[in-house]
**Student:** 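Quick one: structure below, then a few questions.
Since this is a predicted model, take the numbers as computed values, not measurements.
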Amino acid sequence: ATNRPDALDPALIRPKRFGTRIDCEPLKAEQRAQLIRLHLNESICAGNYPEMIEYLTMRTAGPFTPAEIEEVVNESKLAAEKQGLTQITRELVAKTVDCIVLGKKFRELSPEYRRSVARHEAGHAVFLRALLAHNRIERLTIGLRAETAGVTVIAEDEGKAQNLTRDELISMILVALAGPLAEEAVKGYWDTG
């Protein structure tokens, strides 16, 4: 099994070898919800169990594999135990998803760099609210990680992702450019943050 079929040696996939190709599509929302229910019982959730299932289903949209979804649940349980909690909370799950998707926080940012990243992410959020108001900002986080120093997470509408209008695509480009624009508007220049 591979996530990179283009990298396979042609000798492996020629006829009479491993010639059959089976593509596995990302899980749909209901499939993810069923998988989450399998690994997460009501007694371990602080608050509303159906709401927690819905939140986890939404946050694991996209390229999450079943193993990664199981890891989110298990890591959330472990994080709760480390903190002396008997139940997992939505905030704990959000932090766990961030760690799995973005990597663990390496260290805190210096105050100036933190402000710069905050301006950058605020630019994305303001343009998102103005241009794509139907999209919900799920999470905005700042902290040095393996992949990034900050991120603005949009709640994905799975049905919409495959059918974007021209205006929506242009708006998404503008939202992406809004981070550096916000930095430049405040401090006169933008940097790699």
**Student:** First locate atom CG of Leu181, then atom NE2 of His124, and finally report the distance between them rounded to the nearest 0.5 Å.
**Tutor:**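 Separation between the atoms: 10.5 Å.
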**Student:** Which pairs count as salt bridge (Lys or Arg N to Asp or Glu O under 4.0 Å) when at least one residue sits in residues 42-60, sequence neighbours excluded?
**Tutor:**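 Counting only pairs at least two positions apart or across chains, the salt bridge (Lys or Arg N to Asp or Glu O under 4.0 Å) contacts touching residues 42-60 are Arg59-Asp98.
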**Student:** So if you build clusters from Ile, Leu, Val, Met, Phe, Trp, Tyr with side-chain heavy-atom gaps below 4.5 Å, do Leu174 and Leu169 land together?
**Tutor:**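 In one cluster with Leu174: Leu169, yes.
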**Student:** When rounded to the nearest 0.5 angstrom, what is the spacing between CG in Leu92 and SG in Cys45?
**Tutor:**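 The SG atom of Cys45 is 11.0 Å from CG of Leu92, to the nearest 0.5 Å.
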**Student:** For residues 80-92, which residue pairs pass the side chain to side chain donor-acceptor pair (under 3.5 Å) check, not counting sequence neighbours?
**Tutor:**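 As it turns out, the side chain to side chain donor-acceptor pair (under 3.5 Å) pairs with a partner in residues 80-92, which skip direct neighbours, are Arg90-Glu138, Glu91-Arg139.
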**Student:** State which residues pass side-chain contact (heavy atoms from CB on, under 4.5 Å) with Glu184; sequence neighbours excluded, sorted by chain then number.
**Tutor:**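 Per chain and number, Glu184 pairs via side-chain contact (heavy atoms from CB on, under 4.5 Å) with Trp190.
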**Student:** Using the salt bridge (charged side-chain N to carboxylate O under 4.0 Å, His left out) criterion, which residues pair with Arg129? Sequence neighbours excluded.
**Tutor:**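 Residues passing salt bridge (charged side-chain N to carboxylate O under 4.0 Å, His left out) with Arg129: none at all.
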**Student:** Show every salt bridge (Lys or Arg N to Asp or Glu O under 4.0 Å) that has at least one partner inside residues 63-76, sequence neighbours left out.
**Tutor:**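 Those involving residues 63-76 do not exist here.
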**Student:** Could you list who else is in Leu177's hydrophobic cluster, with ILVMFWY side chains joined at under 4.5 Å, directly or through other members?
**Tutor:**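 The other cluster members (ILVMFWY side chains, heavy atoms under 4.5 Å, direct or chained) are Ile173.
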**Student:** Which value, rounded to the nearest 0.5 Å, describes the distance between Ile170 atom CD1 and Arg166 atom CZ?
**Tutor:**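 Nearest 0.5 Å value for the CD1-CZ distance: 3.5 Å.
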**Student:** For Gly123 and Ala182, which heavy atoms make the closest approach, and how far apart are they?
**Tutor:**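 Smallest interatomic distance, heavy atoms only, reads CA-CB, 3.6 Å.
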**Student:** Just how far is it from atom CD1 of Ile142 to atom CZ of Arg119, taken to the nearest 0.5 Å?
**Tutor:**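 Here the interatomic distance stands at 11.0 Å.
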**Student:** In terms of heavy-atom contacts, does NZ of Lys95 have more than 12 from other residues, nucleotides or ligands at under 6.0 Å?
**Tutor:**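 No, because the 6.0 Å sphere around NZ of Lys95 holds 12 heavy atoms or fewer from other groups.
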**Student:** Could you pull out all residues at least two apart from Ala125 that satisfy side-chain contact (heavy atoms from CB on, under 4.5 Å)?
**Tutor:**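 Ile137, Leu140.
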**Student:** Return the minimal non-hydrogen interatomic distance between Leu27 and Arg32, and the atom names on each side.
**Tutor:**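 It is O-NH1, 2.8 Å.
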**Student:** With rounding to the nearest 0.5 Å, note down the distance linking CD1 in Ile36 to OH in Tyr55.
**Tutor:**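 One gets 11.5 Å once the value is rounded to the nearest 0.5 Å.
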**Student:** For Asn41, check side chain to side chain donor-acceptor pair (under 3.5 Å) against everything at least two apart and list the hits.
**Tutor:**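 Per chain and number, Asn41 pairs via side chain to side chain donor-acceptor pair (under 3.5 Å) with Ser43.
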**Student:** Applying side-chain contact (heavy atoms from CB on, under 4.5 Å), can you list everything that pairs with Asp167, at least two apart in sequence or on another chain?
**Tutor:**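 Asp167: side-chain contact (heavy atoms from CB on, under 4.5 Å) contacts with Thr165.
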**Student:** Among residues at least two apart in sequence or on other chains, which ones pass side chain to side chain donor-acceptor pair (under 3.5 Å) with Thr152?
**Tutor:**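 Glu121.
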**Student:** Residues in side chain to side chain donor-acceptor pair (under 3.5 Å) with Arg115, at least two apart?
**Tutor:**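 Per chain and number, Arg115 pairs via side chain to side chain donor-acceptor pair (under 3.5 Å) with Glu112.
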**Student:** Show the nearest heavy-atom pair for residues Pro66 and Leu35, with the distance to one decimal.
**Tutor:**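 Taking every non-hydrogen atom into account, CA-CD2, 3.6 Å.
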**Student:** So, for Tyr49 and Leu40, which heavy atoms are closest and what is the spacing to 0.1 Å?
**Tutor:**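 The answer is OH-O, 2.7 Å.
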**Student:** Mind checking whether Leu38 and Leu56 sit in one hydrophobic cluster, side chains of I, L, V, M, F, W, Y counted as touching below 4.5 Å?
**Tutor:**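 They do share one cluster, since a chain of ILVMFWY contacts under 4.5 Å joins Leu38 to Leu56.
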**Student:** Which heavy atom in Ala80 sits nearest to a heavy atom in Ile88, and how many Å separate them?
**Tutor:**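 Scanning both residues completely, I find the closest heavy atoms to be CB-CG2, 3.8 Å.
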**Student:** According to side-chain contact (heavy atoms from CB on, under 4.5 Å), who are the partners of Leu132, at least two apart in sequence or on a separate chain?
**Tutor:**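 So Leu132 forms a side-chain contact (heavy atoms from CB on, under 4.5 Å) with Leu128, His134, Asn135, Glu168, Ser171, Met172, Val175.
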**Student:** Show the nearest heavy-atom pair for residues Ala29 and Thr57, with the distance to one decimal.
**Tutor:**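 So the two residues come closest at O-CG2, 3.3 Å.
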